[in-house]
Amino acid sequence: MIEFKTQIDLNSQKVLNKYAIKKLIIIFSIFSLILIGIGVIGIVFAEDSADVSTGIFLIVIGVIITPMLLIFNALGQRSIAKTNPFLSGETKEIYRFTQDGIEHLQKKGESFFSHTKADYTYFYKIISTPTHYLMYITDRRCHVIDKTHITQGTCEELDEILTSKMPVGKFKKTKR
């Protein structure tokens with residue numbers, strides 16, 4: 001049996017957001033470079049002052065769009081954190097992994113208790129990063145487990161179980 005004792009807090013949300021935003025940063029950056037490139041071409045091949053103004057406008061938009069999207073994302077995450085009762089206090093979690101499946105317990109004071117037992121096919125996908133397990137139950141809902149909170153067994157043992165029990169292609173390890 002492999003066991004993790006952890007809690008849901010803002011760090012869990014930040015880890016998940018950081019992992020998801022990495023892919024978007026590449027897209028945002030490419031879009032920014034395209035706008036900047038079009039702006040530079042507009043200035044270089046300008047026939048009148050309107051072309052120069054449009055080129056400058058596109059360059060400015062290209063430079064500020066990625067930081068603005070990241071700021072909007074951070075503000076949205078902050079808003080979610082304020083309204084989510086799980087993140088506003090300590091919600092304790094225990095994850096237990098065996099050959100038969102997973103057991104997940106959550107408790108927040110005296111107001112909330114949840115106990116789930118499931119087969120590994122319950123998960124949409126599982127990603128093992130160097131520091132965390134991201135265990136998706138849908139493409140947008142995810143359990144985040146910090147690997148440093150392991151209390152029994154090893155992460156290598158869990159990786160072996162997940163490799164053998166998860167459907168092909170649903171468990172992957174990343175190096176970043």
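Values below: every heavy atom of this structure, side chains too, minus hydrogens, waters and symmetry copies.
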Hey, quick one: are [X] and [Y] part of the same hydrophobic cluster, counting side-chain heavy atoms closer than 4.5 Å, chains of contacts allowed?
{"X": "Ile127", "Y": "Phe123", "answer": "no"}
{"X": "Tyr124", "Y": "Leu162", "answer": "no"}
{"X": "Ile102", "Y": "Val144", "answer": "no"}
{"X": "Met135", "Y": "Met1", "answer": "no"}

Interatomic distance, [X] atom [atom1] to [Y] atom [atom2] [nearest 0.5 angstrom]:
{"X": "Gln99", "Y": "Glu157", "atom1": "CD", "atom2": "CD", "answer": "10.0 Å"}
{"X": "Phe171", "Y": "Asp159", "atom1": "CZ", "atom2": "CG", "answer": "4.0 Å"}
{"X": "Ile137", "Y": "Arg141", "atom1": "CD1", "atom2": "CZ", "answer": "4.5 Å"}
{"X": "Ile59", "Y": "Ile61", "atom1": "CD1", "atom2": "CD1", "answer": "11.5 Å"}
{"X": "Thr98", "Y": "Leu158", "atom1": "OG1", "atom2": "CG", "answer": "10.5 Å"}
{"X": "Ile94", "Y": "His149", "atom1": "CD1", "atom2": "NE2", "answer": "13.0 Å"}

Show the nearest heavy-atom pair for residues [X] and [Y], with the distance to one decimal.
{"X": "Ile150", "Y": "Cys155", "result": "CD1-N, 3.7 Å"}
{"X": "His132", "Y": "Asp146", "result": "CD2-CA, 3.4 Å"}
{"X": "Pro130", "Y": "Lys147", "result": "O-CD, 3.8 Å"}
{"X": "Ile126", "Y": "Met166", "result": "CD1-SD, 3.7 Å"}

Q) Between the side chains of Thr151 and Glu3, does any donor sit under 3.5 Å from an acceptor? A) yes

Q: Determine the interplanar angle of the Tyr133 and Phe4 rings, folded into 0 to 90°, and report it as parallel if under 30°, tilted if 30 to 60°, perpendicular if over 60°.
A: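 Tyr133 and Phe4: perpendicular rings.
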
Q. Between Tyr120 and Phe97, what is the ring plane arrangement, given parallel below 30°, perpendicular above 60°, and tilted in between?
A.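 Tyr120 vs Phe97 ring planes: parallel.
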
Review item, side-chain donor-acceptor pairs of residues 27-48, under 3.5 Å, at least two apart:
residue	atom	partner	partner atom	Å
Ser29	OG	Ile25	O	2.8
Ser32	OG	Phe28	O	3.1
Ser32	OG	Gly62	O	3.0
Ser32	OG	Thr66	OG1	2.8
Asp48	OD1	Ala50	N	3.1
Asp48	OD1	Asp51	N	3.1

Q: Could you name each residue pair satisfying side chain to side chain donor-acceptor pair (under 3.5 Å) that touches residues 109-119, not counting sequence neighbours?
A: Glu103-His115, Asp119-Thr121

(Q) Using the salt bridge (charged side-chain N to carboxylate O under 4.0 Å, His left out) criterion, which residues pair with Glu160? Sequence neighbours excluded. (A)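 With sequence neighbours excluded, Glu160 shows a salt bridge (charged side-chain N to carboxylate O under 4.0 Å, His left out) to no residue whatsoever.
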
Q. Given side chains that start at C-beta, do those of Asp139 and Lys125 come closer than 4.5 Å, heavy atoms only?
A.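 The answer is no; the side chains never approach within 4.5 Å.
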
Q: Indicate yes or no: at least one non-hydrogen side-chain atom of Gln7 is less than 4.5 angstrom from one of Thr91.
A: no

Q: May I ask you to check whether over 12 heavy atoms, not counting those of Phe113, lie within 6.0 Å of atom CZ?
A: yes

